[in-house]
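Worksheet: the structure to be examined is printed underneath.
Residue numbering restarts at 1 for every chain, and letters A, B, ... go by the order of the sequence lines. Side chains included, hydrogens not; waters and symmetry mates left out as well; all remaining heavy atoms used.
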Amino acid sequence: MTEPKTPADTATPAYDFATAEPLWQERWERSGVFNVPDVPPADRPKYYVLEMFPYPSGQLHMGHVRNYTLGDVVARYKRAQGFSVLHPMGWDAFGLPAENAARERGVHPGKWTMDNIAAMRTTLRQLGFSFNWDREIATCEPDYYGKQQKLFLDMLAAGLVERRESWVNWDPVDNTVLANEQVVDGRGWRSGALIEQKQLSQWFLKITKFAPQLLDGLSHLPRWPERVRTMQERWIGRSEGARVRFGLHEPPAGFDVDLDSVEVFTTRPDTLFGMSFLAIAADHPLAAKVAKKNAKAAEFIAECHRLGTSEEAIETAEKRGFDTGLRVSHPFMPDRSFPVWIANFVLMDYGTGAVFGCPCGDQRDLDFANKYRLPFIPVILPPDADPQTFTVTDRATDGQGTLFNSAFLDGLDIATAKKEAIARLEGLGVGRGVVNWRLRDWGISRQRYWGCPIPIIHCDSCGAVPVPDDQLPVVLPEDVTFDRPGNPLEHHPTWKHVACPKCQKPATRETDTCDTFVDSSWYFARFTAPHAPQPTVVAAADGWLPVDQYIGGIEHAILHLLYARFFTRAMHETGHLNVDEPFAGLFTQGMVNHESYRDADGNWLYPDEVERTATGATRRDTGAPVTVGRVEKMSKSKRNTVAPVTIIERFGADTARWFVLSDSPPERDMEWTESGVAGAARFLQRLFRVVRTVAAGVPADAPCPAQVAKAADTLRRATHRTIAAVTEALEGFSPNVAVARLHELTSALADAEKHADEDGVAFARREAATTLALLCAPMVPHQAEAMMALLDPAGRPVVERAWPKAEADLLAASEVTIAVQIMGKLRGTVAVAPDMPKDDVIARAEAEPNVARLLEGARIVKRIYVPGRIVNFVVAK
RNA sequence: GCGAGCUUGGCGGAAUGGUAGACGCACGAGACUUAAAAUCUUGCGCCCGCAACAGGGCGUGCGGGUUCGAGUCCCGCAGCUCGCACCA
């Protein structure tokens, strides 16, 4: 077997990470230095750092390493700054993969999950993260999900939960409900069966009740990325318009329609006079009534349903419709009537599920009208268009214009016409101005075993009865089987059969469990008092929340973050805490990418199997050529993954941490490269050697004389400028810049060795070495401790030391280089003392040989001096 | 279609309107070594120029503008990436 040659195993390393890392991890753990009380201490400011907790898939991946390293840098830095830091970790432990494992391999979801957690916890501990491990929670534990059941019941009592019928994707082979992403091209991802839309009774959390607050709250989250706020804003989707009722004419013979009107939502009530038709969704109640008597309508609706689930179909589907034969009258023109169509482009989920078609102002309506040859007239006249000749053929009018062909709206601009139309509608009692929201209530019912049971008992006499508090938690049964399709809870012989809490008659438990997004909607609050008998302890939750810095992937920009924001408000309303926004600061980190490799037969190869050469790559075992593919997200299918455990074994945790922080800014994607890791390991060894040289060769009590040699002064200034620069970089979430500055100070310290015997250099070297240990500690905490232990064997560990402070009078360089420009072009530089008066600097600049040469014979009309930076001469020709 | 972001050497990237390319990777040269690894020194945007030392021109996707001075600010364009998308 050919092991790759690495610096760590081919040379005797100065620093033995394999021994040092476990040692320091154990010391930190034993001293409990990262533990904080449930209620934050009053003597220090609090800081809550949280990284999105992982799904326990079994193996920690590099994305996790990057995420948790970033969080750990913040946590350790803030601790050193004197904050009381809450930095917990847990497991998002419910979910489908565990059930899939059960079906495929016969292992119980609980055992599979707990084994995975154990494996991943080991890796997390090896990485040396400063977690308060006493607070670890797993959402699949009854202690957690039981509290979640309590929250559910409190929300039910507060009117924030509702049970109602809803459409779901139904897999008729697996007998189960599928999430949208499990439906591929209209078929179940597992069974391949054609998916049906089916109505089921489902539990809903009424997130729409908070739609205005969830929208307004976004403007008070300045420390969130702009794009996440924008995405949420659009998801919530506030729009102003009107609801308009269209009276339904007497249906032709044979119809069974007991409705007298159809309500429509529109943002363009101003264009009512341009109406051409009325269109309803395939799921609209009126459509169902029509279908009862009309087989062709029923066929059309069924077709719409089949297309409904495939995204591709939606994208490419042309506008299609079915004329019901019904007609409605126009609110402003009672003598005119318009046809009612069922149209595939009208969504039941949005507005009222019905629209009025105005072809001149809406492209979809225009396409539809043209296809079915429905007549219409234009009502919006673009600026500069002639009302006599203006027509709309295949391009709808968007943007500005004035109303025409519109009776009392003629001549008005669009905004005024909207107001006027709404006023008239309200006057006639056939419509009103409304605010419509895109946001839908959150259906949380899942027909699954491995989730939090919804704590409800269904009784024939009493209906849906909440499980009483003293019977919580409703615990999942252990003895379940996955040998047939459907929900194991449903099949369990005894679990669901209970007495009704109200009337004691035989009743059945709700067998649906919660969407796993519920579990992650409040874990940040549970972390503040993870062992409390209630879901939260208000003093703890209020004391620690909001999370000061939340860190995770952009993929959760909408759902998770919106649900958590909703849950926080709902918990506020039910008395579990007193804050509204869970996350004051949000940081979304980029992905970890890697080159991908394929052999001649097109098989993907792991990076370990590949040897990079100057020209390309070859197989490590056979030497056969390898095609180097794109740099893309690490994924098992492309085999372009690097396992954190392997890196920890070969290079140590600190090298892995250092590398994911170097080079790329954290919000961007980074490329994992073998040479980059080696470079990181190389630097850390060098850093250690440089510091060790100081620890071994420079007396610890070296004095700082009043007069020091230039080398000492230079090094001291470098040290203090580095303190300022690293502090600024970490405050600004730029660990890559902090890394660069630490490289520089390390080089400066190594250079100073040449001047070891000069006045004050010993002191300056000690100071620089100690500072390096402190500044690198958030990034490479183990090595920082090891270096500090050499420098100050009797002193306290780094985790108990404060962040260094830069001395103001050492921040400026002792000598500054001034760029000298003529007309903005660089022509030379001069070195001056930073406090040299302006006129002297300019005189020096003018005397610089090359500058003087070029200024000869020219008339200087202006001399600009930016202190410490540049001199610029403006000359006349 | 709508929205957001990005575009700087061979590569990742740095840069309060003030010396563009810090720092790293890769690569080249040298020292040490029997040799290699490791380590150390050193070079490295492109072009012209010079024996050498100097110098000079062009350069941050493209085109304009503001300014003594623009990677940075403004206007327009292109390309790439991501998100949303029949939302009435």
Side-chain angles (χ1 to χ4, degrees), chain A residues 5-14 225-231 233-235 237 239 241 264-268 271 279 311 314-315 317-319 343-347 349-358 361-365 367-368 398 436-438 554-555 557-558 612 614 631 659 662-665 667-671 673-680 682-683 685-686 689 725 728-729 734 736-744 746-747 750 817-829 849-850 853-854 861-875:
Chain A
K5 293 276 184 268
T6 66
D9 58 27
T10 51
T12 311
E226 174 79 34
R227 63 171 173 151
V228 175
R229 281 182 283 159
T230 309
M231 284 159 83
E233 197 180 307
R234 297 182 125 223
W235 189 263
S239 67
V264 149
F265 172 72
T266 178
T267 56
R268 294 300 300 273
T271 63
E311 248 179 66
I314 291 172
E315 249 174 72
E318 57 174 333
K319 315 258 169 295
N344 66 343
F345 67 89
V346 179
L347 308 172
D349 271 356
Y350 187 78
T352 60
V355 302
F356 82 85
C358 172
D362 183 295
Q363 193 60 45
R364 288 163 311 185
D365 295 347
D367 295 346
F368 191 80
D398 44 12
N436 192 60
W437 301 85
R438 181 182 177 277
I554 187 70
E555 66 273 20
I558 297 180
R612 282 302 253 126
V631 173
F659 179 59
S662 310
D663 297 351
S664 296
E667 68 276 11
R668 279 195 224 171
D669 290 354
M670 68 168 289
E671 187 188 351
T673 61
E674 322 314 314
S675 61
V677 187
R682 200 185 308 142
F683 169 75
Q685 289 295 336
R686 174 166 180 250
R689 281 195 311 273
E728 191 193 327
S734 303
N736 53 321
V737 178
V739 162
R741 298 290 93 88
L742 290 169
H743 273 278
E744 285 168 344
T746 304
S747 294
T817 306
I818 306 285
V820 185
Q821 302 178 338
I822 297 169
M823 299 298 283
K825 276 196 184 300
L826 183 72
R827 295 303 177 189
T829 58
N850 195 45
R853 180 176 67 86
L854 290 160
V861 295
K862 202 171 176 186
R863 298 169 169 84
I864 292 158
Y865 175 52
V866 181
R869 300 273 188 185
I870 62 131
V871 171
N872 189 14
F873 296 109
V874 184
V875 298

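Nearest to the side chain of A/N872, among B/rG18, B/rC84, B/rA26, sits B/rG18. The side chain of A/S664 lies closest to B/rG12 when the candidates are B/rG12, B/rU19, B/rC86. Side-chain proximity of A/R364 to the nucleotides B/rA15, B/rG18, B/rC87 is greatest for B/rC87. Taking the side chain of A/L347 as heavy atoms from C-beta on, and the options B/rC87, B/rU19, B/rA26, the nearest nucleotide is B/rC87. Checking B/rA14, B/rG56, B/rC23 against the side-chain heavy atoms of A/H743 singles out B/rC23 as nearest. Across B/rC23, B/rG3, B/rC68, the shortest atom-to-atom separation from the side chain of A/A740 is found for B/rC23. Side-chain proximity of A/N344 to B/rC86, B/rA88, B/rA14: nearest is B/rC86.
At a threshold of 4.5 Å between non-hydrogen side-chain atoms, the residues A/M823 and A/V875 count as touching. In this structure, A/D365 and A/F356 have side chains that are not in contact, with every pair of non-hydrogen atoms separated by 4.5 Å or more.
Taking atom C1' on both B/rC87 and B/rA78, the two are 31 Å apart, rounded to the nearest angstrom. Only the P atoms considered, B/rG1 is 36 Å distant from B/rA70, to the nearest whole Å. Here, B/rU8 and B/rA15 have their C1' atoms 10 Å apart, quoted to the whole Å. Comparing the same atom, P, in B/rU41 and in B/rC23 gives a spacing of 13 Å after rounding to whole Å. B/rG56 sits 28 Å from B/rG64 when the C1' atoms are compared, rounded to a whole Å. Spacing of P atoms, B/rU7 relative to B/rU60, comes out at 14 Å, to the nearest Å. B/rG65 and B/rU16 have their P atoms separated by 27 Å, with the value rounded to a whole Å. The separation of B/rC25 from B/rC84, taken at their C1' atoms, amounts to 37 Å, rounded to a whole angstrom.
Residue A/P665 is in sugar-phosphate contact alone, with no base atom involved, counting any heavy-atom pair closer than 4.0 Å across all strands shown. Among the heavy atoms of the strands lying under 4.0 Å from A/N850 are primed sugar atoms or P, OP1, OP2 only; no base atom is included. Within 4.0 Å (heavy atoms only), A/V739 reaches no atom of the nucleic acid at all. Within 4.0 Å of A/R438, counting heavy atoms only, lies at least one base atom of the nucleic acid. No engagement by A/R229 is indicated, since no non-hydrogen atom pair under 4.0 Å with the nucleic acid exists. Residue A/I822 is out of contact with every strand shown, counting any heavy-atom pair closer than 4.0 Å. A/N736 comes within contact range of the sugar-phosphate backbone alone, with a heavy-atom separation under 4.0 Å but no base atom that close. Residue contacts for A/S734: at a heavy-atom cut-off of 4.0 Å it reaches no nucleic acid atom on any strand shown. Across all strands shown, A/V355 has heavy atoms under 4.0 Å from base atoms, whether or not it also approaches the sugar-phosphate. A/E671 comes within 4.0 angstrom of nothing in the nucleic acid, heavy atoms only. Across all strands shown, A/G351 has no heavy atoms under 4.0 Å from either base or sugar-phosphate atoms. Looking at heavy-atom distances under 4.0 Å, A/T230 makes contact with sugar-phosphate atoms alone, never a base.
In A/E728, the CD atom is not crowded: 12 or fewer heavy atoms of neighbouring residues, nucleotides or ligands sit closer than 6.0 Å.
Across all strands shown, B/rA52 forms no Watson-Crick or G-U wobble pair with both distances under 3.5 Å.
Heavy atoms only, all atoms of each residue included: A/D367 and A/K319 are closest at CB-CG, 4.2 Å. Closest heavy-atom contact between A/V739 and A/S662: CG1-OG, 3.7 Å.
A/F368 meets the ring pair (Phe, Tyr, Trp, His ring centres under 6.0 Å) test with A/F277, A/W341, A/F345, A/Y372; sequence neighbours excluded.
Atom pair A/M231:CE and B/rC84:C1' shows a separation of 8 Å (rounding to whole Å applied). Taking atom CG of A/D663 as the reference point, atom P of B/rC23 lies 13 Å away to the nearest angstrom.
Applying the 3.5 Å distance criterion, the base of B/rA22 shares a donor-acceptor pair with the side chain of A/R741.
Base orientation of B/rG9: syn, since the glycosidic angle falls within 90° of 0.
By the 30° and 60° cut-offs, the orientation of the rings of A/F265 relative to A/Y350 is perpendicular.
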